[in-house]
Each structure stands twice: as C-alpha cells, then as structure tokens.
> 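If you scroll down you'll find the structure; I have some questions about it.
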Amino acid sequence: MQIFIETVKWCAMLLLGGGALYFHYNDRLKAKTSALILQAEQQYQDVTKAGGQKFSWVVESLYAMIPLLLRPLVTRAFLEELVQSVFDNIQEYAKLQLDRLLGQTTKEQSEN
C-alpha cells in the first residue's frame with residue numbers, strides 16, 4: 001500500500017509539474033507568436049494579399065525555434081492553431097479599440 005501511495009504521489013507531482021511547465025511555455029509561445037505576427041505585418045506591408053505568406057512565415061519561424069527533441073510533441077498543426085488563435089485575439093482586440101474610438105468620435109460629434 002505504501003508503494004502505491006508513493007507512486008500516486010510521484011505521478012501527481014509529475015502531472016502538476018508538467019502542467020505548470022505547459023502553461024508557462026504556452027504563455028511564452030503566445031507572446032513570441034504575437035511578436036512574430038507584428039514582424040510579419042511589417043515585413044509584408046507592401047505585398048497585397050499576403051495573408052497566407054505571413055501565416056506560413058510565422059508558423060515556420062516558430063517551428064524553427066522549437067528544439068529538435070520537442071518537435072514530435074509540438075507539431076506544425078499545433079503551431080498553426082496557435083498562430084490562428086493569437087491572430088484572432090489580436091484582431092478582436094483591435095476591433096474593440098476601433099469601436100471604442102469610433103464611439104467616442106460619434107459621441108463628440110453629436111455633442112457639437
């Protein structure tokens with residue numbers, strides 16, 4: 001019984017430690033993804049309809065940063081989902097800010 005309890009304790013510690021590492025690196029990966037999206041926007045600003053190119057560039061840049069030992073765990077498909085999610089969040093934030101700005105402008109115009 002003691003061995004079973006020790007085994008469960010070690011498994012729980014490994015799972016919790018792994019979970020903590022996952023969330024820590026997931027946040028860092030999202031921050032790096034945001035920075036790469038901005039860099040891609042600047043790099044491709046003169047190219048029309050470059051959405052696919054920018055997306056691929058960001059995914060490939062992220063994938064190149066993944067250590068070889070972790071590449072089987074962090075697939076391109078995972079990175080594609082992450083990049084799309086971060087982009088969607090950035091786009092939603094920009095829309096909220098624009099709506100807020102336009103709302104203030106409309107309110108100022110109606111007061112005058």
Side-chain angles (χ1 to χ4, degrees):
M1 187 67 177
Q2 182 110 12
I3 294 173
F4 176 75
I5 292 173
E6 284 295 313
T7 303
V8 169
K9 182 174 85 173
W10 280 102
C11 287
M13 286 192 309
L14 285 173
L15 284 174
L16 291 174
L21 287 174
Y22 169 79
F23 286 113
H24 173 72
Y25 285 107
N26 193 30
D27 285 345
R28 289 181 60 193
L29 194 57
K30 285 180 182 178
K32 188 62 177 173
T33 301
S34 296
L36 286 172
I37 288 172
L38 176 61
Q39 192 174 347
E41 290 292 336
Q42 293 168 344
Q43 185 173 338
Y44 289 93
Q45 68 184 0
D46 296 331
V47 180
T48 57
K49 298 187 180 185
Q53 288 176 310
K54 292 185 281 190
F55 183 83
S56 295
W57 183 84
V58 172
V59 171
E60 290 302 318
S61 297
L62 282 173
Y63 194 72
M65 294 177 192
I66 305 295
L68 289 174
L69 294 173
L70 294 178
R71 286 188 183 175
L73 300 174
V74 182
T75 63
R76 276 190 172 83
F78 170 78
L79 293 177
E80 288 172 357
E81 289 177 23
L82 177 71
V83 169
Q84 188 62 53
S85 173
V86 170
F87 178 77
D88 291 345
N89 288 338
I90 291 170
Q91 190 174 26
E92 184 64 29
Y93 177 76
K95 184 181 178 297
L96 286 172
Q97 293 301 315
L98 185 60
D99 288 348
R100 192 181 90 198
L101 180 64
L102 289 175
Q104 287 177 351
T105 303
T106 305
K107 185 178 177 183
E108 291 171 1
Q109 289 175 351
S110 66
E111 289 176 357
N112 291 331

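Nothing here was measured: the structure is a model prediction, and the numbers come from that model.
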> Within the distance-only criterion (no hydrogens, no angle test), does the side chain of Ser85 pair as donor or acceptor with the backbone N or O of Glu81 below 3.5 angstrom?
no
> Is there a path of hydrophobic side-chain contacts, each under 4.5 Å between heavy atoms of I/L/V/M/F/W/Y residues, joining Met65 to Leu38?
no
> Distance from Gln84 atom CD to Phe55 atom CZ, nearest 0.5 Å?
5.5 Å
> Any chance you could measure Lys32, atom NZ, to Ser61, atom OG, to the nearest 0.5 Å?
9.0 Å
> Please examine the side chains of Leu29 and Leu79, heavy atoms only from C-beta on, and report whether any two atoms are closer than 4.5 Å.
yes
> Under 4.5 Å between side-chain heavy atoms, counting indirect links through other Ile/Leu/Val/Met/Phe/Trp/Tyr residues: same cluster for Tyr63 and Leu73 or not?
yes
> Quick one: do Leu16 and Leu14 end up in the same hydrophobic cluster if we chain Ile, Leu, Val, Met, Phe, Trp and Tyr together by side-chain heavy atoms under 4.5 Å apart?
no
> Got Trp57 and Leu36 here, is their nearest side-chain heavy-atom distance under 4.5 Å?
yes
> Kindly work out whether a path of hydrophobic side-chain contacts (I/L/V/M/F/W/Y, heavy atoms less than 4.5 Å apart) joins Leu96 to Leu98.
no
> Of Val86, Val58, Asn89, which is the lone residue that meets side-chain contact (heavy atoms from CB on, under 4.5 Å) with Ser34?
Val86
> Counting heavy atoms not belonging to Ile3, are there more than 12 under 6.0 Å from its CD1?
no
> Quickly, which of Lys95, Gln91, Gln97 forms a side-chain contact (heavy atoms from CB on, under 4.5 Å) with Tyr93? Name it, please.
Gln97
> What is the minimum heavy-atom distance between Phe87 and Glu41, and which atoms define it?
CE1-OE2, 4.3 Å
> Is Lys9 paired with Glu6 through a side-chain N to carboxylate O contact shorter than 4.0 Å?
yes
> What are the two closest heavy atoms between Arg76 and Val59, and how far apart are they?
O-CG1, 4.3 Å
